[in-house]
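Order of listing sets the numbers, starting from 1, for every ligand and every atom in it.
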Amino acid sequence: MLTPVPPADKSMEEIVSLCKRRGFVYPASEIYGGIRGFWDYGPLGTALKNNIRDWWWHQMVDCPPIGPDGDPVNILGLDSAIIQNPKAWEASGHVGGFNDPMVDCKESKGRYREDHVSVLVPTDGQGLSYAFVDDRSAAEKKIKRDAKRSVEEYTLTELPAIDVAAYPSIVAPEVKTAGTLTEPRAFNLMLDTYPGPIRDEDAKAYLRPETAQGIFLNYKNVLDTMRVKLPFGIAQIGKSFRNEVTPRNFIFRSREFEQMEMEWFCPPEEALKWYDFWKHERMKWWRSLGVAESNLIFRDHADDELAHYSKACVDVEYLYPFTAPNYGELEGVAHRGEFDLTQHTTHSKTKLDYFDQDLQVRLQKEGVDKDEIKKRSRYTPNVIEPASGLTRAVLVLLCEAFTPTPDRKGSDYVMQFKPKFAPVKAGIFPVVNKDGMPEIAQKLFRELRETMPVETDVKQSIGKRYARMDEIGTPFCIAVDGDSVTHQTVTVRDRDTTEQVTIGLDKVKAYLNEKLDA
Ligand code: ATP
């Protein structure tokens with residue numbers, strides 16, 4: 001078995017380079033010099049992304065978990081337009097009200113989101129503080145050299161709370177002198193476009209910065225057409241766009257990305273129960289991708305970190321090689337109260353409330369007063385939102401799978417994808433390209449290819465063919481040898497252990513199916 005490698009010992013440079021070399025992720029428009037914040041998914045990256053996407057849909061929409069009370073939950077799928085009426089973004093708060101505060105560095109000309117800049121502050125409040133964005137080590141070195149005392153880490157957003165006269169004493173990332181950061185200013189992350197023939201302010205529309213709002217806009221449609229009762233969910237997977245100021249860390253933060261979001265509509269008094277339920281279900285789902293338990297944590301948002309309408313929020317975080325020893329966001333599970341439906345009700349003047357017939361009947365049985373029943377059985381649902389990044393999930397599986405193998409002959413590393421998510425399930429190789437072996441390999445290839453992605457190859461030594469499969473994360477290699485001709489058997493090699501088992505040609509499909517289903 002391969003020895004697990006701690007994320008901090010994995011090199012992002014190597015991961016990015018293998019992604020390019022092996023057809024997972026390419027820089028977008030590469031022949032024109034690329035375009036910052038955009039990536040293209042190659043054949044294997046697309047397969048990996050689709051496998052994760054399908055599993056999310058399977059586990060959220062087609063076969064969702066049993067609810068906390070032992071009843072099946074009901075979640076419906078949606079695919080809304082990327083461009084919606086711009087008024088929707090005024091209602092949601094993405095235009096106008098809450099734009100992201102940005103700070104500029106006057107010296108390096110860098111621009112950062114205030115909540116993305118961390119600062120190491122000397123605990124005694126004396127001397128300079130050092131800011132950094134991802135790589136804490138450089139800031140640590142400087143502060144140790146200057147102060148040799150203990151430090152606390154804050155984000156720029158948190159500094160006023162600890163009463164630090166911050167900006168003049170902060171050394172910004174990548175500069176030497178203090179005080180080059182400006183006070184934060186609002187900056188809108190939405191990319192705009194002008195549908196139709198006239199390009200003026202009236203025609204301005206936005207590429208969605210999240211898939212969630214398309215769900216709120218269709219809440220009433222789904223309720224009216226799908227015979228659903230509260231609680232229920234609406235789920236959607238699709239592209240989102242944010243004009244991120246500093247796209248970075250490969251596909252972690254890009255300007256075009258994909259999200260997997262679900263809005264769970266429930267009666268207000270059940271909201272905390274469902275928040276807790278989805279929080280734990282989502283963590284289970286991330287583990288089901290084959291991510292080690294120790295590489296995932298919950299991070300509950302502190303009260304002062306919550307949006308004003310949010311009652312609770314927790315992030316599922318992963319130990320990325322570039323954040324280690326810290327963790328970075330993967331998914332947010334938020335208790336959004338009735339904020340979104342109320343906002344859209346106010347702005348669109350369309351009622352988005354819910355008449356709870358079951359509650360009405362219950363209250364009638366309890367002998368509750370008529371007016372009271374009327375008041376209580378019509379309400380605006382509360383929303384619990386698990387919102388995750390599909391392209392970020394691809395990054396997590398790439399980082400998690402990447403295992404350098406200095407001791408293994410032939411391959412420098414193995415991509416240890418859980419078989420269910422591997423882009424190619426098996427490689428079928430005649431040991432030599434003669435003596436009836438290629439024909440048997442070709443027959444097996446055709447049989448397996450009816451139901452799963454497999455490859456066959458007759459060129460190069462068998463060792464080299466195995467190594468290539470290890471490097472793209474193919475869990476099984478099937479060697480067709482002399483025994484295949486005489487006894488109708490093949491050897492199946494396991495990617496992680498390199499152990500080989502001999503099985504009958506007619507058993508290969510069932511063998512693989514069992515392993516892939518695990
Ligand atoms: P961050 O603080 O990292 O910008 P966020 O809290 O704004 O993220 P949400 O709006 O909650 O993120 O989006 C839900 C999920 O969408 C995130 O957990 C992440 O997985 C993904 N996501 C958000 N922005 C990006 C991006 N620029 N590139 C890739 N994935 C993203």
Heavy-atom nearest neighbour in the protein, as seen from [atom], with distance rounded to 0.1 Å:
atom	value
atom 11 (O) of ligand 1	Glu329 OE2, 3.8 Å
atom 29 (C) of ligand 1	Phe252 O, 3.1 Å
atom 21 (C) of ligand 1	Gly389 CA, 3.7 Å
atom 16 (O) of ligand 1	Gln259 NE2, 3.1 Å
atom 28 (N) of ligand 1	Ser254 N, 3.1 Å

**Asked** Which atoms from ligand 1 have a heavy atom of Arg113 less than 4.0 Å away?
**Response** 2 (O), 4 (O)
**Message:** I need the atoms of ligand 1 closer than 4.0 Å to a non-hydrogen atom of Leu330, numbered in the order shown.
**Reply:** 18 (O), 20 (O)
[X], any N or O under 3.5 Å of ligand 1 N or O:
X	result
Phe257	no
Glu210	no
Asp115	no

**Item:** Pair Glu281 + Lys284: basic N to acidic O under 4.0 Å
**Value:** yes
**Message:** Regarding Arg495 and Asp470, does a basic nitrogen lie under 4.0 Å from an acidic carboxylate oxygen?
**Reply:** no
Verify the distance criterion only: is there a donor paired with an acceptor across the side chains of [X] and [Y] at less than 3.5 Å?
X	Y	value
Tyr318	Glu400	yes
Gln259	Ser240	yes
Arg392	Ser388	no
Ser288	Trp55	yes
Glu174	Ser108	no

**Request:** Please tell me if the side chains of Pro268 and Glu338 come closer than 4.5 Å, counting only heavy atoms from C-beta onward.
**Result:** no
**Prompt:** Measuring from the heavy atoms of Glu258, does anything fall under 4.0 Å of ligand 1?
**Reply:** no
**Message:** For Glu269, is the CD atom crowded, meaning more than 12 foreign heavy atoms sit under 6.0 Å from it?
**Reply:** yes
**Request:** Ignoring hydrogens, just give me the one of Arg242, Glu331, Glu261, Arg255 whose non-hydrogen atom is nearest atom 9 (P) of ligand 1.
**Result:** Arg242
**Message:** Just to be sure I read this right, does ligand 1 sit under 4.0 Å from the backbone of Arg253, its side chain, both, or neither, counting only heavy atoms?
**Reply:** both
